[in-house]
Asks: 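If you scroll down you'll find the structure; I have some questions about it.
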Amino acid sequence: MENSVTPPKSEFLKTLISRGYMHQATNLEGLDALAEQQPISAYIGFDCTANSLHVGSLIQIMMLRLLQRTGHKPIVLMGGGTTKIGDPSGKDEARPLLSDQDIEQNKQGIKKIFEKYLTFGDRPTDALMVDNAEWLDQLAYIRFLRDFGSHFSINRMMGMESVKLRLDREQNLSFLEFNYAILQAYDFLELRRRYGCSLQMGGSDQWGNIVSGVDLTRRVDSQEIFGLTSPLITTASGAKMGKSAAGAVWLNEDRLPVFDFWQFWRNTEDQDVGRFLRLFTELPEAEIAKLEALDGAEINQAKIVLANEVTSLCHGPEAAKQAELTAQQSFADGIIADGLPTLKITHADMPSLSVIDAFLQSGLTTSKGEVRRLIRGGGARLNNVALSDEDRMLSETDFDADGRAQIAAGKKRRAILQLT
């Protein structure tokens with residue numbers, strides 16, 4: 001295992017390291033030499049547990065994009081097979097098992113994301129998307145155990161972080177989940193055989209699984225392949241990347257409005273701006289250095305650049321511009337702006353709809369208790385006026401001539417109520 005190479009020769013590793021994507025790697029000098037000599041194929045796996053990925057997966061997507069930009073071939077491995085088992089990494093309990101239909105629907109939702117970030121096609125460096133169900137669903141259990149089971153040490157598997165964490169907490173780890181590392185290692189072997197894949201990348205929690213694949217391929221096929229992980233991304237305050245006050249920050253617009261996505265990045269902590277610009281945008285490092293050097297209120301301009309750049313990649317430049325305009329109108333100009341998350345309310349709903357219901361249904365909060373705490377603390381507003389009555393009902397007089405009202409949770413989360 002190596003954490004650095006001095007100096008890297010391949011453009012891929014130069015950029016990967018300088019922008020902060022790398023945490024650990026196996027034989028980094030060997031990987032650097034290979035990437036310098038020829039285009040390589042590398043993959044990252046994504047299980048189909050939801051019909052979208054969230055920003056916690058964005059660093060992996062950006063790594064695949066960087067790989068392609070520097071002349072190599074990305075492989076997106078959809079976990080149609082492994083999703084049927086569930087990755088125990090970072091989980092306190094087993095995931096609910098999904099039906100084949102659910103997995104397929106989720107896979108289609110995730111595909112839409114990668115079409116925005118990668119170029120797919122038949123050229124040598126065009127991205128490839130494959131599903132590990134192609135080979136995992138066909139495995140004969142006894143034959144698989146005979147051919148590959150002898151290459152895995154139970155002692156070593158018990159020491160893997162994903163297993164050790166669950167056992168240390170005395171939480172159940174099913175035999176089904178225990179198999180996950182073996183199947184992921186087999187994925188790497190299969191991808192090398194089918195597509196000449198020489199590198200697996202992933203988050204730091206996947207290190208044990210990745211090394212298992214490297215070892216299996218060396219033992220079975222006498223071939224050297226490589227593994228590389230990215231660091232765990234947390235905010236300066238220690239929060240896990242991918243969550244906001246209102247829940248997961250999804251990458252698909254049907255799971256999260258573009259404005260909310262833009263606003264998530266606009267609300268980045270000051271200390272994280274430079275790091276996030278390097279990881280989640282393609283701005284030149286010299287420009288990033290100027291932006292992160294801004295101080296005081298000027299750092300907000302860097303945050304707007306960050307929000308625009310990340311949103312442009314995920315949703316397109318026009319959507320980013322509209323989100324910035326909405327924020328300007330809503331927060332700076334104090335008007336009810338187009339583009340905010342909108343809750344439609346009928347006249348028939350009005351007599352029974354409380355302000356607390358409106359906050360919940362609009363997605364600004366996740367519980368009634370949260371709304372009550374906001375009201376008590378002066379952080380809940382209706383049409384820019386602080387709310388004081390926790391039992392207040394909505395009235396048609398709250399809406400303007402266009403049938404719109406605005407609610408706000410704190411300074412940064414707003415939504416429109418549209419009377420229809």
Asks: Name the one of Q105, K112, E104 that satisfies side-chain hydrogen bond (donor to acceptor under 3.5 Å, both in side chains) with Q108?
Replies: E104
Asks: Got a donor-acceptor contact below 3.5 angstrom from the T229 side chain to the G202 backbone?
Replies: no
Asks: Side chain to side chain contact (heavy atoms under 4.5 Å, CB included), that's the test. Do S52 and R255 meet it? Break it down for me.
Replies: CA-CA 7 Å; S52 175; R255 293 295 299 267; 3.9 Å; yes
Asks: Mind running salt bridge (charged side-chain N to carboxylate O under 4.0 Å, His left out) on K14 and D32 for me, showing each step along the way?
Replies: CA-CA 9 Å; K14 280 182 187 176; D32 186 45; over 6 Å; no
Asks: For the rings on F261 and W250, is their centre-to-centre separation under 6.0 Å?
Replies: no
Asks: With a sphere of 6.0 Å drawn around NZ of K344, does it hold more than 12 non-hydrogen atoms of other residues, nucleotides or ligands?
Replies: no
Asks: Flag yes if more than 12 heavy atoms outside D295 fall under 6.0 Å of its CG atom; otherwise flag no.
Replies: no
Asks: Does the side chain to side chain contact (heavy atoms under 4.5 Å, CB included) test come out yes or no for L28 and F226, once each step is laid out?
Replies: CA-CA 8 Å; L28 196 57; F226 306 91; over 6 Å; no
Asks: Has the side chain of N51 got a donor or acceptor atom that lies under 3.5 Å from a matching backbone atom of N106?
Replies: no
Asks: Test salt bridge (charged side-chain N to carboxylate O under 4.0 Å, His left out) on E318 and K321; report intermediate values, then the result.
Replies: CA-CA 5 Å; E318 289 304 316; K321 290 178 184 176; 3.7 Å; yes
Asks: Should the pair F259 and W262 be assigned to parallel (<30°), tilted (30 to 60°) or perpendicular (>60°) ring geometry?
Replies: parallel
Asks: Within the supplied structure, the quantity of interest is the number of heavy atoms (other residues, nucleotides, ligands) at a distance under 6.0 Å from Q38 CD; does it exceed 12?
Replies: yes
Asks: Does anything in residues 272-286 pair up under side-chain hydrogen bond (donor to acceptor under 3.5 Å, both in side chains), and if so which pairs, sequence neighbours excluded?
Replies: S18-E285, R65-E282, D272-R275, R278-E292
Asks: I'd like to know whether K107 forms a salt bridge (charged side-chain N to carboxylate O under 4.0 Å, His left out) with D131, so could you lay out the CA-CA distance, the side-chain angles of the two residues, the decisive distance to 0.1 Å, and finally the verdict.
Replies: CA-CA 9 Å; K107 186 169 69 173; D131 187 339; 2.6 Å; yes
